[in-house]
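Chain identifiers are assigned alphabetically (A, B, ...) following the order of the sequence lines, protein sequences preceding nucleic acid strands; residue numbering begins at 1 within each chain.
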2 protein chains.
Amino acid sequence: MYYTVCEVAKRLNLSPHTIRFYSKEGLLDFVERDQNGNRIFKESDFERLFIIASLKRAGMSIKQIRAFTLLCDKGDSTIAQRLQIIMNQREAVEEQITELQDALDVLKYKTWLYEVALEAGTTAVHDHMPPEDMPPNIRRIKERIRRLTDDMEQCYRNAANT
Amino acid sequence: MYYTVCEVAKRLNLSPHTIRFYSKEGLLDFVERDQNGNRIFKESDFERLFIIASLKRAGMSIKQIRAFTLLCDKGDSTIAQRLQIIMNQREAVEEQITELQDALDVLKYKTWLYEVALEAGTTAVHDHMPPEDMPPNIRRIKERIRRLTDDMEQCYRNAANT
DNA sequence: ATAAACCTTAGAGTATACTCTCAAGCAAGA
DNA sequence: TCTTGCTTGAGAGTATACTCTAAGGTTTAT
């Protein structure tokens with residue numbers, strides 16, 4: 001049972017253009033061809049295709065994935081290197097998630113600000129709002145933002161004093 | 001107390017080029033200028049700068065942030081629209097985090113595969129490994145990957161039968 | 001006065017990842 | 001046979017977000 005580029009594209013939720021682009025970039029050298037040069041994807045190719053798609057989702061560039069697939073094709077002598085690449089990317093993804101969660105906190109804070117402002121009819125409602133009037137989680141986020149902006153001042157003053 | 005582009009860049013962990021680029025794109029129209037046309041950033045500008053940087057980190061494009069800042073400058077009549085934008089982006093970030101966590105699972109699975117293969121000296125160690133020999137969390141991830149690749153087959157068979 | 005160290009803008013260049021067009025080839029059905 | 005519908009590679013085009021260069025202006029120290 002073989003699959004065409006369009007079928008594979010549909011399964012991976014990518015465009016056929018993108019599959020051919022990845023192929024051109026050397027990410028799909030393991031895919032066989034028929035006598036006319038058409039790619040024939042096999043059942044057993046899907047795990048590897050899925051891994052490649054996952055590495056992409058994990059934020060690896062095509063160049064990085066290319067380097068990784070070259071190591072894969074080189075065989076057992078490169079296992080340690082491949083492990084290192086995967087572990088590095090793991091760390092990178094964990095960092096990305098942390099960063100997104102911080103950004104999410106800011107969005108939660110803004111959501112609360114706008115909900116209150118919408119109720120009041122004006123954003124001026126926040127001009128002199130005491131922290132006690134904020135929900136605890138919002139207050140925590142605002143505190144974190146304030147600390148960051150204070151750091152800015154602090155750094156500046158330090159720089160000015162030297 | 002005023003701040004220059006370079007100082008602000010340092011605080012936001014961006015390059016001065018990037019700050020000027022954002023300015024050119026209309027993200028910093030609220031920043032005042034001195035008599036020579038130099039940007040003068042004030043203490044009170046930092047929260048807004050931080051929000052813009054957060055929206056960027058949340059994955060909004062410059063165009064989207066531009067649209068948002070235009071609404072901000074328009075005043076209280078746009079609060080509901082701004083709230084909607086923030087809530088939409090919140091959802092987008094939550095999706096991004098979910099996707100990254102899925103990618104992370106795949107990386108954890110691959111880490112385990114390579115650790116075992118490194119010990120054995122060959123990736124062939126996995127060719128006939130029974131699921132019982134895998135740690136439960138790894139088995140769960142492998143199951144999820146298998147289900148996804150099986151979906152591929154399933155979809156194909158369905159398509160072939162119609 | 002003049003050089004250093006900032007600032008400014010316009011605009012060109014770069015990197016990444018597609019995204020699309022085109023011309024051509026092959027296979028199957030009317 | 002001819003049209004339809006797929007495939008192919010080459011290569012051009014697009015979008016995004018920087019990133020840098022160049023030319024010029026101001027302030028400050030020597």
> Which residues pass the salt bridge (Lys or Arg N to Asp or Glu O under 4.0 Å) test with Arg48(B), sequence neighbours left out?
Replying inline: Asp73(B)

>> Tell me every residue that passes salt bridge (Lys or Arg N to Asp or Glu O under 4.0 Å) with Lys24(A), counting only those two or more places apart in sequence or in another chain.
In response: none

Any donor and acceptor pair, going by atom type alone, linking the side chain of [X] with main-chain N or O of [Y] inside 3.5 Å?
X        : Y        : answer
Gln81(B) : Thr78(B) : no
Asp34(B) : Asn36(B) : yes
Ser61(B) : Gln64(B) : yes
Ser23(A) : Ile19(A) : no

> Residues two or more places apart in sequence or in another chain: which of them pass side-chain hydrogen bond (donor to acceptor under 3.5 Å, both in side chains) with Glu25(A)?
Replying inline: none

> For Arg66(B), what residues pass the side-chain hydrogen bond (donor to acceptor under 3.5 Å, both in side chains) criterion, not counting sequence neighbours?
Replying inline: Asp29(B)

Sequence neighbours left out, cut at 3.5 Å: what donor-acceptor pairs do the side chains of residues 128-137 of chain B make with other protein atoms?
none

>> Looking at every non-hydrogen atom in both residues, tell me the closest pair between Arg33(A) and Gly37(A) and how far apart they are.
In response: NH1-O, 2.7 Å

> Can you find a heavy atom in the side chain of Arg11(B) that is under 4.5 Å from one in the side chain of Val8(B)?
Replying inline: no

> Heavy-atom distance under 4.5 Å between the side chains of Gln84(B) and Asn88(B), does that happen here?
Replying inline: yes

>> Listing request: all ring pair (Phe, Tyr, Trp, His ring centres under 6.0 Å) pairs with a residue in residues 92-114 of chain A, at least two apart in sequence or in separate chains.
In response: Trp112(A)-His126(A)

> Heavy-atom contacts under 4.0 Å between residues 14-25 of chain B and DNA chain C, which residues?
Replying inline: Arg20(B), Lys24(B)

> Quick one: how far along DNA chain C does chain A reach, first to last nucleotide 5' to 3', anything under 4.0 Å to a heavy atom?
Replying inline: dT16(C) to dA27(C)

With a 3.5 Å cut-off and sequence neighbours excluded, list the donor-acceptor pairs that the side chains of residues 90-108 of chain B form with protein atoms.
unit_1, atom_1, unit_2, atom_2, d
Arg90(B), NH1, Thr111(A), OG1, 3.4
Gln96(B), NE2, Ala58(B), O, 3.2
Thr98(B), OG1, Glu94(B), O, 3.0

> For residues 85-99 of chain A, which residues have at least one heavy atom under 4.0 Å from DNA chain D?
Replying inline: none

>> Contact list please: residues 59-73 of chain A against DNA chain D, heavy atoms, distance less than 4.0 Å, in numerical order.
In response: none

>> One pair to check against side chain to side chain contact (heavy atoms under 4.5 Å, CB included): Arg20(B) and Leu28(B). What are the steps and the verdict?
In response: CA-CA 9 Å; Arg20(B) 292 202 188 92; Leu28(B) 308 181; over 6 Å; no

> Do any side-chain nitrogens or oxygens of Arg39(A) fall under 4.0 Å of OP1 or OP2 in dT7(D)?
Replying inline: no

Short heteroatom pairs, N/O only, protein and nucleotides 25-28 of chain D, under 3.5 Å:
unit_1, atom_1, unit_2, atom_2, d
dT26(D), O3', Asn36(B), ND2, 3.1
dT27(D), OP1, Asn36(B), ND2, 3.2

